[in-house]
S.K.: 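Here it is, the structure, as structure tokens.
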Amino acid sequence: MPILALESSCDETAAAICTPDGTLLASRISSQADIHRLYGGVVPEVASRNHILHVRPLVEEVLAEAGLRLSEIAAFAATSGPGLVSSLLIGTSMAKALAVAENKPFLAVNHMEGHLLSPFMAGNGPVRPSIALIVSGGHTMLVQVRAVGDYILLGRTRDDAAGEAFDKVAKMIGLPYPGGPEIDKQARLGDPHAYTFPRSFMDGQSLEFSFSGLKTAVLYELPKLDLENPVVLANVCASVQEAITGVLVEKLILAAHQTGETLLTVSGGVSCNRGLREKLTTRCEKEGLTLLLARPDLCTDNAGMIAFAAAQRFQLGHTSPLEADVDPNLSLV
Ligand code: KG4
Ligand code: ZN
């Protein structure tokens, strides 16, 4: 039975319908990136107002795309955290209203569990024991997955998330918001070894991350750089990307070695990054490890991953009370 889910934790309003085996029957995203770009980042009040405008039409669009009536949906789900309170409230209120109207269960979903399980969608299921690297705009985490809902935190960032590092550096060098995809685009034309930016590995065995030193290093380098020169810009982007992705790959491999786990998954907005995907694929092949990368359209925020996570929980008999509140700081583990 399909689950309809809504995602509105930040600046994307999204709706999707997914079956428990990870088949996406429909998925739509209404991005507000063009609006927030004017301000150089997400403005919560503006995001919330735009979610209100788009959420209902999106529900109708995904039902039409899937060829389903509301009565054929088994349960309604929405992201309940982490994220912006005023944004989370729009998706959860709509999902609760649909659940009440159709007399069906409601499920509150942790956005990070959506990312975490997304590599198991689209033919890669079922969910099985693995090590997950989640790299998004707000989080960088290594998690051991034992089963759905049974997660152990192995490491996280002590300061900036990987996506945040991409975005902050992009802003410093004059690229538009969101900076990650822009750096990725520029990096394709550049030399990743043109500049040596710091890679924080902590001590050799640590699974914690730190990206704030990179930001400072770029800041000190800035006065020496002629960023009007396209070759310099591309080289800086390629070198920044090399520094961030190098640490992500090595820590994931280290986590595999420390736990003895041979199945690795990578998800979240930064997992779209072409340099990261190439590096991971080569390194895992060399190490004899199996790699599941979230499909590119499921890396950045989307409701398909929320519907899939909800479907996994629903299969285990979980539902949420209608009184369930949103939590901007909801943690995964
Ligand atoms: O998962 P996501 O869509 O939202 C959060 O839950 O945070 O991740 C957004 C982050 C942003 O920081 C964005 O710059 C980054 O993912 N991102 C990328 C790429 N595409 C998105 N970073 C590097 N390379 C990309 N291609
Ligand atoms: Zn996200």
Side-chain angles (χ1 to χ4, degrees), residues 5-14 16 27 29-33 36-37 40-42 44 47 78-84 87-88 91 109-119 132-141 156-157 160-173 175-188 190 192 211 214-215 237-249 265-280 293-306 308-309 328-332:
L6 301 172
E7 156 64 35
S8 66
S9 61
C10 191
D11 62 339
E12 321 275 10
T13 326
S27 180
I29 302 173
S30 168
S31 173
Q32 303 177 16
H36 297 286
R37 192 169 293 127
V42 179
T79 304
S80 66
L84 302 167
S87 288
L88 292 164
V109 178
N110 184 315
H111 181 85
M112 300 317 294
E113 187 172 36
H115 280 306
L116 175 76
L117 301 180
S118 62
L133 171 68
I134 317 175
V135 271
S136 71
H139 295 80
T140 298
M141 282 195 249
R156 60 158 40 123
T157 181
D160 293 344
E164 203 176 350
F166 270 108
D167 294 342
K168 285 180 176 171
V169 169
K171 201 168 182 174
M172 275 190 237
I173 60 176
L175 294 174
Y177 164 87
E182 296 292 327
I183 292 192
D184 193 357
K185 219 188 297 167
Q186 290 290 336
R188 287 171 205 194
F211 292 107
L214 173 71
K215 213 171 45 192
C237 289
S239 304
V240 165
Q241 181 167 297
E242 178 70 18
I244 298 175
T245 58
V247 173
L248 295 174
V249 174
T265 73
V266 186
S267 60
V270 178
S271 65
C272 279
N273 184 272
R274 201 172 78 154
L276 178 62
R277 292 176 89 89
E278 284 172 4
K279 215 186 264 291
L280 282 164
L293 291 167
R295 213 171 65 182
D297 60 307
L298 298 168
C299 289
T300 44
D301 289 349
N302 65 90
M305 67 182 192
I306 304 302
F308 180 64
N329 302 313
L330 188 63
S331 73
L332 179 68

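Atoms within each ligand, like the ligands themselves, are counted from 1 in listed order. Owing to the predicted nature of the structure, the values given are computational and were not obtained by experimental measurement.
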S.K.: My understanding is that only residues two or more places apart in sequence, or in another chain, count here; which of them pass salt bridge (Lys or Arg N to Asp or Glu O under 4.0 Å) with E182?
M.R.: K185
S.K.: For D167 and ligand 1, does the shortest N/O to N/O distance drop below 3.5 Å?
M.R.: yes
S.K.: Do any N or O atoms from the side chain of D11 and from the backbone of S31 form a donor-acceptor pair under 3.5 angstrom?
M.R.: no
S.K.: Check whether any side-chain N or O of S8 sits under 3.5 Å from a backbone N or O of S87 as a donor-acceptor pair, and report yes or no.
M.R.: yes
S.K.: Taking salt bridge (Lys or Arg N to Asp or Glu O under 4.0 Å) as the test, write out the residues that go with K215, two or more places apart.
M.R.: D160
S.K.: Under 4.0 Å from ligand 1, counting heavy atoms only, is it the side chain of H139, its backbone, both or neither?
M.R.: neither
S.K.: If the cut-off is 4.0 Å to any non-hydrogen atom of G163, which atoms of ligand 1 fall inside it?
M.R.: 12 (O)
S.K.: Quick check on contacts: which atoms of ligand 1 are under 4.0 angstrom from a heavy atom of H115?
M.R.: 1 (O), 6 (O)
S.K.: Taking C-beta and beyond as the side chain, do L214 and K168 meet within less than 4.5 Å on heavy atoms?
M.R.: no
S.K.: Below 4.0 Å from any atom of ligand 1, is there a heavy atom belonging to K185?
M.R.: no
S.K.: Counting N and O atoms only, with roles assigned by atom type, does the side chain of R37 sit under 3.5 Å from a partner on the main chain of Y177, one being a donor and the other an acceptor?
M.R.: yes
S.K.: Suppose the criterion is salt bridge (Lys or Arg N to Asp or Glu O under 4.0 Å): which pairs have a residue in residues 266-277, not counting sequence neighbours?
M.R.: R274-E278
S.K.: Is a donor from one side chain sitting under 3.5 angstrom from an acceptor on the other, for S30 and Q32?
M.R.: no
S.K.: Relative to the heavy atoms of T300, which atoms of ligand 1 are at a distance of less than 4.0 Å?
M.R.: 3 (O), 21 (C)
S.K.: I'd like to check which ligand 1 atoms, numbered from 1 as shown, lie under 4.0 Å from a non-hydrogen atom of G138.
M.R.: 7 (O)
S.K.: Nearest heavy atom to atom 6 (O) of ligand 1: which of Q241, M112, H111 does it belong to?
M.R.: H111
S.K.: Taking all non-hydrogen atoms of both residues, which atom of E12 and which atom of I29 are closest, and how far apart?
M.R.: OE1-CG2, 3.8 Å
S.K.: What do we get for E12 next to ligand 1 when only non-hydrogen atoms under 4.0 Å count, side chain, backbone, both or neither?
M.R.: neither
S.K.: Using a 3.5 Å cut-off on N or O atoms only, is G180 in polar contact with ligand 1?
M.R.: yes
S.K.: Mind checking whether N273 contacts ligand 1 via backbone (N, CA, C, O), side chain (CB onward), both or neither, at a 4.0 Å heavy-atom cut-off?
M.R.: both
S.K.: Give a yes or no on whether a salt bridge exists between D184 and R188, defined as a side-chain N under 4.0 angstrom from a carboxylate O.
M.R.: yes
S.K.: If I compare all heavy atoms of A170 with all of G179, which pair ends up nearest, and what's the gap?
M.R.: CB-CA, 3.3 Å
S.K.: Considering only the protein, which heavy-atom contact is closest to atom 2 (P) of ligand 1, and what is its distance?
M.R.: D301 OD1, 3.3 Å
S.K.: May I ask you to list the atoms of ligand 1 that are less than 4.0 angstrom from any heavy atom of C272?
M.R.: 20 (N), 26 (N)
S.K.: Quick one: name the protein N/O/S atoms under 2.8 Å from the Zn ion (ligand 2), chain by chain.
M.R.: H111 NE2, H115 NE2, D301 OD1
S.K.: Just to be sure I'm reading this right: ignoring hydrogens, which of G269, G137, A294 gets closest to atom 17 (N) of ligand 1? Compare them by their nearest heavy atoms.
M.R.: G269
S.K.: Return yes if some donor-acceptor pair links the side-chain N/O of T79 with the main-chain N/O of H111 below 3.5 Å, else return no.
M.R.: no
S.K.: Of the side chain and backbone of D184, name the one, both, or neither that has a heavy atom under 4.0 Å from an atom of ligand 1.
M.R.: side chain
S.K.: Show the numbers, then the answer: is there a side-chain contact (heavy atoms from CB on, under 4.5 Å) between L248 and V266?
M.R.: CA-CA 10 Å; L248 295 174; V266 186; over 6 Å; no
